Protein chains: 2
Amino acid sequence: MGATYGQFCPVAKAMELLDERWTMLVVRELVSGSERFNDLRRGVPRMSPSLLSKRMQQLVRAGVVERVQTGSDVRYVLTQAGHELLPVVEAIGTWGVRWIGEIGDEDLDPQLLLWDMHRHVDHDAVPSGRTVISLRFTDVAPSTRDWWLVVDDGAVDVCDADPGFPVSVSIETGLRRMTEVWRGDVSWQAALRARTIEVRGPERLRRALPTWFTWSVFAAVARPA
Amino acid sequence: MGATYGQFCPVAKAMELLDERWTMLVVRELVSGSERFNDLRRGVPRMSPSLLSKRMQQLVRAGVVERVQTGSDVRYVLTQAGHELLPVVEAIGTWGVRWIGEIGDEDLDPQLLLWDMHRHVDHDAVPSGRTVISLRFTDVAPSTRDWWLVVDDGAVDVCDADPGFPVSVSIETGLRRMTEVWRGDVSWQAALRARTIEVRGPERLRRALPTWFTWSVFAAVARPA
DNA sequence: CGGTATCCCCGTCGATACTG
DNA sequence: CAGTATCGACGGGGATACCG
């Protein structure tokens, strides 16, 4: 486990677990709904699998998750203690979105962005049948420029290669701008007006597009004046 | 600054600052009202002064505190961003007090306990004039057994040597038990009934004693069944 | 899919002493 | 009171490869 502080204070005891590198991000993934090892990995791609493995064991020992194995299927299921970390994640994210404004170029990651968007698709809002959203990031290397979100019957796939289906709506913008909009630093409408996001497709879909996502709770947090 | 995560997520950006060792405890001290370097030290006695110094510089750079020097007087004053870390500290402490039940022997520290009690004295509740509370921890080495809290005119002093004033009320108990009561794991009344805390002095003062402290917010947090 | 094993480096932290 | 200076150890964690 992490190093101890030698303090009885509840904050200190909690931080002995939570202040270790990556731990809070793994918890974020868990409270966001990921249960499987490789899904968790997609949320923390820069973390080595061995370290993720170690962290999961620590979280099991701490009583935050339970490792549930059914045959060959392994899932990490939040316990009551784990669910109660949601307010902690929310408090930290709320503070972060208000006070850590500067996003460095190294924080921009199309794969991570798509992965986050993919789990915030509101299936009740997306038209029935297959809906394909294409994204083109104009300011990145060709290999990570084009992405597709394929929404079909309650499932969402992230593709970095053309899945071949007809595209319903296409988005063209900069990765930084798209990230800012996703975080709520810039509103969708403002970006459209400024023409820093271009959307193509039938007007009905273009208008509906922003409602297809249940935007992150942090996107709605008021920013300091 | 701390290592980066390469993620645009507000939680990740916040944790780049907050997950470094000791940082959250220093923030706890700051939101608890400490403003001076040596007061902060008393709240994190196991932290080396050089590391505290480094952390303070990081917190200044991050915009959490402002270093205000007036002549030779130096104070670290919370900014708006700093004040807004209070909900984070509360969320973490609330989780910690519910789910990290086991307090190791190495987490027990009479000096830290007295320092925490000292800043939770409710001056409106304590009788006017000088009030002296003596504490004796029956289960620790003689050198850290006896303590005094001297409350006088809005000021509180922690003494590890007899200040010589007449004692108003004396408390005799184990350090672990006193810590449990202070954290709210055990109620004052229950400890009295179980005779694991003995209080001596005039009955009026004995009864009033628990009201002299504004107990930590975490003490009131409901524990899991 | 769901992890382990290994290796090694670098940076953090702890300890201690000292200063204006 | 409010810090700096120095130094060394250790171990966390990054990278990579591999396994059932």
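Because the structure is predicted, anything quoted here is derived from the model rather than measured. Here is how names work: the chains are called A, B, and so on, in the same order as the sequence lines, proteins then strands, and each is numbered from 1.
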Kindly confirm or rule out a cation-pi arrangement of A:Arg130 over A:Phe165, judged by NZ or CZ under 6.0 Å from the six-membered ring centre and within 45° of its axis? yes

What integer distance in Å separates [X]:[atom1] from [N]:[atom2]?
{"X": "A:Gln69", "N": "D:dG20", "atom1": "CD", "atom2": "C1'", "answer": "12 Å"}
{"X": "A:Leu51", "N": "D:dT16", "atom1": "CG", "atom2": "P", "answer": "15 Å"}
{"X": "B:Met47", "N": "C:dT16", "atom1": "CE", "atom2": "C1'", "answer": "17 Å"}
{"X": "A:Gln58", "N": "D:dG12", "atom1": "CD", "atom2": "C1'", "answer": "11 Å"}
{"X": "A:Glu35", "N": "C:dG3", "atom1": "CD", "atom2": "P", "answer": "13 Å"}
{"X": "B:Asp19", "N": "C:dT12", "atom1": "CG", "atom2": "C1'", "answer": "13 Å"}

Listed once per pair and sorted, the ring-ring contact (aromatic ring centres under 6.0 Å, His included) pairs that draw on residues 7-62 of chain B, sequence neighbours left out: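 For residues 7-62 of chain B, and leaving out neighbouring residues, the ring-ring contact (aromatic ring centres under 6.0 Å, His included) pairs sorted by first residue read A:Tyr5-B:Trp22.
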
A:Arg136: salt bridge (charged side-chain N to carboxylate O under 4.0 Å, His left out) partners, not counting sequence neighbours: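 So A:Arg136 forms a salt bridge (charged side-chain N to carboxylate O under 4.0 Å, His left out) with A:Asp146.
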
How would you list, by chain and number, every residue that makes a salt bridge (charged side-chain N to carboxylate O under 4.0 Å, His left out) with B:Arg21, sequence neighbours excluded? none

Show the numbers, then the answer: is there a side-chain hydrogen bond (donor to acceptor under 3.5 Å, both in side chains) between B:Arg28 and A:Gln7? CA-CA 12 Å; B:Arg28 177 200 69 196; A:Gln7 297 203 356; 2.8 Å; yes

Check [Y] with [X], please: is the shortest side-chain N to carboxylate O separation under 4.0 Å?
{"X": "A:Glu29", "Y": "A:Arg41", "result": "no"}
{"X": "B:Arg145", "Y": "B:Asp139", "result": "no"}
{"X": "A:Arg183", "Y": "A:Glu180", "result": "no"}

Would you call the rings of B:Trp182 and B:Trp215 parallel, tilted or perpendicular if under 30° counts as parallel and over 60° as perpendicular?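 Geometry flag for B:Trp215 against B:Trp182: tilted rings.
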
Polar contact flag, side-chain donor to acceptor under 3.5 angstrom, A:Arg61-A:Gln58: no

Any chance you could list the contact pattern along nucleotides 2-8 of chain D? Use B for base contacts, S for sugar-phosphate-only contacts and - for none, protein heavy atoms under 4.0 Å, 5' to 3'. BBBB---

Difference in axis direction between the ends of the helix from C:dC1-D:dG20 to C:dG20-D:dC1, five pairs, 10°: 60°

Quick note, B:Glu20 side chain, CB onward, closest among C:dC13, D:dC1, D:dG13 is C:dC13

Nucleic acid contacts - residues 21-31 of chain A versus DNA chain D, non-hydrogen atoms under 4.0 Å: A:Arg21, A:Trp22

Mind running side-chain hydrogen bond (donor to acceptor under 3.5 Å, both in side chains) on A:Gln57 and A:Arg55 for me, showing each step along the way? CA-CA 5 Å; A:Gln57 292 171 30; A:Arg55 288 287 181 271; over 6 Å; no

